[in-house]
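Reviewing the structure listed below.
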Protein chains: 2
Amino acid sequence: MTTDNGGRPRAGRNRSRNRKNRVTVKDVAERAGVGTMTVSRALRSPDSVSAKLRERIEMAVADLGYVPNRLAGGLASSRTRTVPVIIPSLSNAVFPDIVEGISSVLQRHDLQILLGNTQYSLADEEALVSTFLSWSPDGVIITGLEHTERTRRMLAAADIPVVEIVEWGEAPIDMNVGLSHVAAGRTMGEYLIGQGYRRIAFVGPQMDRDVRAAKRLAGLRAALAAAGQEGGPALSLDRPSAVRAGGDAISQLLGEAPDIDAVFFANDDMAVGGLLECQRRGIAVPGTLAIAGFNGLEFSGEVMPRLTTILTPRHEIGRRAAEMLVTRLAGQPVAATRVDVGFTLLRRESA
Amino acid sequence: MTTDNGGRPRAGRNRSRNRKNRVTVKDVAERAGVGTMTVSRALRSPDSVSAKLRERIEMAVADLGYVPNRLAGGLASSRTRTVPVIIPSLSNAVFPDIVEGISSVLQRHDLQILLGNTQYSLADEEALVSTFLSWSPDGVIITGLEHTERTRRMLAAADIPVVEIVEWGEAPIDMNVGLSHVAAGRTMGEYLIGQGYRRIAFVGPQMDRDVRAAKRLAGLRAALAAAGQEGGPALSLDRPSAVRAGGDAISQLLGEAPDIDAVFFANDDMAVGGLLECQRRGIAVPGTLAIAGFNGLEFSGEVMPRLTTILTPRHEIGRRAAEMLVTRLAGQPVAATRVDVGFTLLRRESA
DNA sequence: GTGAAAGCGCTAACAG
DNA sequence: CTGTTAGCGCTTTCAC
């Protein structure tokens, strides 16, 4: 009977799970008595459709409970309103703050976040970037300036806005918002030296992986060298940043180098842990041992003595990165594509 | 020359941005001298293809730098290896922990997280669910058991695994992992009563929005009622949970109800803030005022006195939720679809 | 302002 | 084990 359809069952009736009675543009178009194109346009740019039709279409959409299929839309247009956000960790309190900043502006512009956690591994990062790009994202936000060569190539080839965040520096792939961690480390070093400390130790978490912590140490050493000082030992813990880790570090340091008079911790949580450990041991802070941290987390200002630290504008980093992305997506020029948000030394009582 | 293509320009040359020279299955197939289907299969289930062809295909993939387009794949199969994770906030330290737990198992199974932040608004939650479902996700992980009617309907209709997390209770949409916040509140209440406290105040953050904090209060009240006690005032702050908020709450409480002898904070960060405020004011803890928290965040065990609190297994909640999802996706039956992970009262020095 | 036709790149469902 | 065919649901062209 039928010609080219032959006797075959008419297309996939039960092709897969919930495919059965999905509402499509076609359904909406029929109900509104218009073409599918008009529906599509009415939904994306309502002004390009006459008021009458727009109204009819909106009613049909509501009646049918139509929700556009983003996969189909993305496939056809290669725009998905999606932004991968690639960070090294969530347990480091720094990153949830940044992601909140990003999220606050992206959600307002109807852009979805795809979250990727690299666990401080550049290989994992590369794999994530590859996967994410296969989603035709509208842009990418990625932590740091150090990536594998392939990661950089893929990102550059994607031809979409890319913002590298947290670290500020030379030759970003595209745009960059952050601060110089070397400068921050140097600033703290100079401050401690100025306060008269002479044997300054450093404690960082997994510094082979956490490049930025390593840069803060480099900054400290630069300050030490400039002052013609030797400093104290640098400890790289083999576990992530945490309060407990800071306490343990103090114990270890006191065993190995009892003559130190100050400790610069790469993160506030460790620093607070160190501070509390000193209190437990009855070591006077800063009298016997000064303690300094990094990041300016909220509770660093609530302990006693309050922690001397460097405040980093985390929410701002996220917000500005997202704003740059959105501006570029809107086709507008981004005034500054490399922004140094800086940092603030909080001189408090612990050092 | 050409037949049915007529004189038309050969398809969209410059159809959009980076569409130009995208490598597709077709290219890989040609280079390997096989059909596109074989390429598709070789990539998804290598065992279903002969070793010889598989090798040729893998070489072609590498040579060409082929990355499959997930949108096309998802559209065709309605499986996208994507899981929306919907949480109320990232600034509450509880949620990054949970997301890390989820992420640790999902990444291992090549499932991507779509992160959604509701800001404790059920209306925002509904909007997020609607958007996310338009991505044909493989499953959904969502916080809490309270949703709008439409959210529940959409989720149920999607016909994919759904795990509601954090709260444990009756009649989940599908699967559920969490704990009873009423029971946790009651447990803390009974403990405090048992310790001899008589005027127990409660402090929670934005309790009109944070349903689970409200449940902990309900639990406390139940314990108070059972013991025939009246308790103290309950304070609902108008800002999110934070250390500083806890300190301020103590100040306010001491003004309004100086006769209280214990404060149960809905979160550890506030509780620690309260504790530190007492120290600043020279109020003996627990002598004059006992302080209790909730969650068992790491630093609650580092302050002095250590904070009495309730430990919630956050990482476990995330991990198990993701495992249940993965099991279901593998077509295997999930042994327990409603799991109560419980909680642990940490009796320490502050109360 | 509106519509018709032609894919986006992939995979399900066959047949071989 | 492999290939052919026909879409997935939308948007891009291009004509009206």
Side-chain angles (χ1 to χ4, degrees), chain A residues 4-20 22-30 32-54 56-57 66-81 134-136, chain B residues 4-20 22-30 32-54 56-57 66-81 134-136:
Chain A
D4 45 58
N5 266 333
R8 268 195 333 93
R10 266 216 69 58
R13 191 182 94 274
N14 179 22
R15 261 197 81 175
S16 92
R17 284 190 304 214
N18 50 331
R19 184 62 65 66
K20 35 199 175 190
R22 211 190 188 301
V23 181
T24 71
V25 252
K26 211 164 196 166
D27 301 320
V28 177
E30 274 170 19
V34 300
T36 62
M37 236 3 261
T38 309
V39 174
S40 173
R41 275 194 281 258
L43 261 35
R44 282 173 306 143
S45 40
D47 302 324
S48 66
V49 167
S50 72
K52 187 172 295 178
L53 286 191
R54 192 191 324 145
R56 292 228 308 270
I57 291 169
Y66 170 65
V67 178
N69 181 329
R70 297 241 178 183
L71 293 168
L75 181 58
S77 68
S78 67
R79 267 173 285 106
T80 55
R81 307 220 55 88
S134 71
W135 281 99
S136 301
Chain B
D4 46 56
N5 266 333
R8 266 199 332 95
R10 268 217 65 61
R13 190 182 98 273
N14 180 21
R15 261 198 81 178
S16 91
R17 285 189 305 213
N18 50 332
R19 182 65 64 69
K20 35 200 175 189
R22 213 190 186 299
V23 182
T24 72
V25 252
K26 212 163 198 166
D27 301 319
V28 177
E30 274 170 18
V34 300
T36 62
M37 226 18 247
T38 309
V39 174
S40 173
R41 275 193 281 257
L43 262 33
R44 282 175 306 143
S45 40
D47 302 325
S48 66
V49 167
S50 73
K52 186 172 295 179
L53 285 191
R54 194 191 322 144
R56 293 227 309 269
I57 291 169
Y66 171 66
V67 177
N69 181 328
R70 298 243 177 182
L71 293 168
L75 181 58
S77 68
S78 66
R79 266 174 286 103
T80 55
R81 308 222 53 91
S134 71
W135 281 99
S136 301

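Please read these numbers as outputs of a predicted model, since none were measured by experiment. Below, chain A is the first sequence line, B the second, and so on; all start at residue 1.
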Please report how far the helix from C:dG1-D:dC16 to C:dG16-D:dC1 bends, comparing the axis fitted to its first five pairs with the axis fitted to its last five, to the nearest 10 degrees.
20°
Just the rounded figure in Å: distance from C1' of D:dT2 to CD1 of B:Ile57.
10 Å
Does A:Ser50 place a side-chain N or O at less than 4.0 Å from the phosphate oxygens OP1/OP2 of C:dT2?
yes
Minimum-distance nucleotide (side-chain atoms of A:Asn69 versus D:dG9, C:dA12, C:dC10):
D:dG9
Does the side chain of A:Asn69 come within less than 4.5 Å of B:Leu75's, by heavy atoms?
yes
I'd like to check the side chain to side chain donor-acceptor pair (under 3.5 Å) partners of A:Ser40; sequence neighbours left out, ordered by chain and number.
A:Arg44
Please list all pairs meeting salt bridge (charged side-chain N to carboxylate O under 4.0 Å, His left out) that have one or both residues in residues 66-78 of chain B, counting only residues at least two apart or in different chains.
B:Arg70-B:Asp110
Side chain to side chain donor-acceptor pair (under 3.5 Å) with B:Ser48: which residues, sequence neighbours excluded?
B:Ser45
Contact list please: residues 36-49 of chain A against DNA chain D, heavy atoms, distance less than 4.0 Å, in numerical order.
A:Met37, A:Ser40, A:Arg44
Considering all heavy atoms, the nearest A:Val49-A:Arg41 contact:
CG2-CB, 4.0 Å
Nearest-Å distance for atom pair NZ/P, residues A:Lys26 and C:dA6
14 Å
What nucleotide among C:dT11, D:dG9, D:dC10 has an atom nearest to a side-chain atom of B:Leu75?
D:dG9
Quick one: OG on A:Ser78 to CZ on B:Arg22, what's the gap to the nearest 0.5 Å?
9.0 Å
In chain order, what residues pass the side chain to side chain donor-acceptor pair (under 3.5 Å) check against B:Thr80, with sequence neighbours excluded?
none
Measure the shortest side-chain to side-chain distance between A:Thr24 and A:Asp27 over non-hydrogen atoms and say whether it is less than 4.5 angstrom.
yes
Scan B:Leu71 against the nucleic acid and name what it touches under 4.0 Å (heavy atoms): base, sugar-phosphate only, or nothing.
nothing
